[in-house]
Amino acid sequence: MNYAQLGASDLRVSRICFGCWQLSPNFWGNVPLALWEDALQAALDIGVNFIDTANAYGNGYAEESLGAWFQKSGRRDDFVLATKFYWNFDQDSRHPDTRHDRILEDCEASLRRLQTDRIDLYQVHAFDPLTIPEEVAAAIKQLQSDGKVRWFGVSNLNAEQMRMYARYIDIVSLQPIYNVIERDVEKNELPYCQAQNIGVISYSPLMRGLLTGKYDRDQVFDDARATHPLFQQPAFGRMLDAMDELRPIADDLGLTVAQLSIRWNLTHPAITAPIVGIKNRDHIESIIKAADDVLPVDVWHRMAGIVSRAAGG
Ligand SMILES: NC(=O)c1ccc[n+]([C@@H]2O[C@H](COP(=O)([O-])OP(=O)(O)OC[C@H]3O[C@@H](n4cnc5c(N)ncnc54)[C@H](OP(=O)(O)O)[C@@H]3O)[C@@H](O)[C@H]2O)c1
């Protein structure tokens with residue numbers, strides 16, 4: 001496994017991050033916990049030491065499941081543990097809440113669920129229009145001085161919003177959506193992160209599985225993908241055609257289409273680690289080969305062209 005420094009932090013992370021959103025039953029249905037725990041064990045066995053979750057995933061369920069496994073396995077300290085705050089899910093409907101005292105409470109709740117005494121990377125899940133960055137930064141600094149949080153990261157922020165936060169606190173990572181279909185952050189956010197030495201941990205690097213090329217044209221999804229625009233015809237069919245075009249490129253490199261898509265992600269020099277959504281041992285074991293190397297520049301552009309044509313770009 002290859003490792004990299006996360007931005008200006010002292011965190012040395014595997015170049016594949018284990019994503020825990022899959023333990024959100026509202027989005028992903030019921031993922032069997034035994035298979036998921038087996039995947040955590042497999043991750044450690046193959047050198048994946050970086051894990052990403054959020055308080056909101058399954059309204060605490062993902063953090064609780066992870067905490068229970070830490071307790072059972074005694075392996076907490078083997079992971080760089082990243083989680084997030086932002087969503088208040090006390091009521092039936094969620095709303096953002098990053099006020100100072102709410103962050104302190106959310107952090108305590110995450111620590112309790114995760115059965116740990118510190119969070120290595122605490123990320124604001126998105127930009128809260130009702131709370132100024134200075135207030136968020138003050139809460140995080142307090143948590144840092146209490147030893148409960150080590151480093152601060154942001155997610156789903158644009159470059160201007162990162163600049164606002166950076167006036168008050170060191171940002172060590174950005175977590176944006178990024179894959180060969182969703183490339184908006186190439187314009188401003190990735191260059192900003194490179195210039196500022198901010199690590200980038202890209203989410204949905206397989207576009208929720210679409211970029212694996214493993215689905216048939218008549219695939220039926222019984223989770224939130226059933227209503228996602230890219231999983232509806234005719235977009236879905238066009239994307240599967242694009243995956244068929246990527247397959248010979250993957251074959252030439254001795255890769256699966258899933259590995260090729262992750263290697264495409266990692267080839268951008270701003271990317272520290274794609275976060276792959278994992279449900280079972282095979283997902284994590286089969287993907288790590290992607291991180292062995294980067295793609296030739298011409299292949300990277302050819303892939304982007306194939307997918308952009310399929311998306312109508
Ligand atoms: N910050 C944010 O706002 C945000 C938003 C979304 C996600 N995230 C983070 O990013 C992580 C990943 O993003 P994501 O969940 O959207 O999707 P993703 O990683 O793009 O796709 C995950 C799906 O890909 C398939 N898959 C995974 N590994 C595979 C492998 N080795 N071979 C074949 N198929 C494989 C599985 O599909 P099947 O289920 O069909 O098997 C899995 O459910 C999340 O877990 C979460 O930690 C963050």
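Counting convention: from 1, in listed order, for ligands and their atoms alike. Keep in mind the model is a prediction, meaning the values are calculated, not measured.
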Inset, instruction - Walk me through it: do Arg99 and Asp128 pass the test salt bridge (charged side-chain N to carboxylate O under 4.0 Å, His left out)? - result: CA-CA 9 Å; Arg99 287 173 295 170; Asp128 176 357; over 6 Å; no
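- At least one donor-acceptor pair under 3.5 Å links the side chain of Asn280 to the backbone N or O of Asp282.
- Assignment of Lys84 to the shell around ligand 1 is supported, since a heavy atom sits closer than 4.0 Å.
- Ranking the protein heavy atoms by distance from atom 15 (O) of ligand 1 puts Gln22 NE2, 2.8 Å first.
- Considering only non-hydrogen protein atoms, atom 42 (C) of ligand 1 sits nearest to Gly277 O, 3.5 Å.
- Ring geometry for Tyr165 against Phe152 counts as tilted: the plane angle lies between 30° and 60°, on a 0 to 90° scale.
- When hydrogens are left out, the protein atom nearest atom 40 (O) of ligand 1 is Tyr215 OH, 2.6 Å; that is the closest non-hydrogen contact.
- Partner of Trp151 under the side chain to side chain contact (heavy atoms under 4.5 Å, CB included) criterion, chosen from Asp120, Asp10, Asp170: Asp10.
- The aromatic rings of Phe236 and Phe221 sit perpendicular to each other, their planes meeting at more than 60°, with 30° as the lower class boundary.
- In the model, Arg94 has a side-chain atom that pairs as donor or acceptor with a side-chain atom of Asn59 under 3.5 Å.
- Ligand 1 lies out of reach of Phe18, whose nearest heavy atom is not under 4.0 Å from it.
- For atom 29 (C) of ligand 1, the closest non-hydrogen atom on the protein side is His283 CD2, 3.3 Å.
- Contact annotation for Leu206 and ligand 1: heavy atoms of both the backbone and the side chain come within less than 4.0 Å of the ligand.
- Here the side chain of Thr272 pairs no donor or acceptor atom with the backbone of Gly199 at under 3.5 angstrom.
- Note: Trp21 and Trp28 have perpendicular aromatic rings, judged against thresholds of 30 and 60 degrees for the angle between ring planes.
- Within the 4.0 Å heavy-atom cutoff, Glu285 does not count among the residues contacting ligand 1.
- With respect to atom 2 (C) of ligand 1, the closest heavy atom belonging to the protein is Tyr203 CE2, 3.3 Å.
- For Pro205, heavy-atom contacts with ligand 1 shorter than 4.0 Å involve the backbone as well as the side chain.
- When hydrogens are left out, the protein atom nearest atom 24 (O) of ligand 1 is Gly209 CA, 3.3 Å; that is the closest non-hydrogen contact.
- With rounding to the nearest 0.5 Å, the separation of CE in Met162 from CG in Leu174 is 4.5 Å.
- Close approach to Arg225 involves these atoms of ligand 1, each under 4.0 Å from a residue heavy atom: 37 (O), 38 (P), 39 (O), 40 (O).
- Using a 4.0 Å cut-off between heavy atoms, Thr53 makes no contact with ligand 1 at all.
- With hydrogens left out, the protein atom closest to atom 48 (C) of ligand 1 is Gln175 OE1, 3.0 Å, a heavy atom.
- Annotation: the span from Asp292 atom CG to Leu266 atom CG amounts to 10.5 Å, rounded to 0.5 Å.
- Ranking protein heavy atoms by distance to atom 16 (O) of ligand 1, first place goes to Ser204 OG, 2.6 Å.
- The proximity of Gln123 to ligand 1, defined as any non-hydrogen pair under 4.0 Å, does not occur for either the backbone or the side chain.
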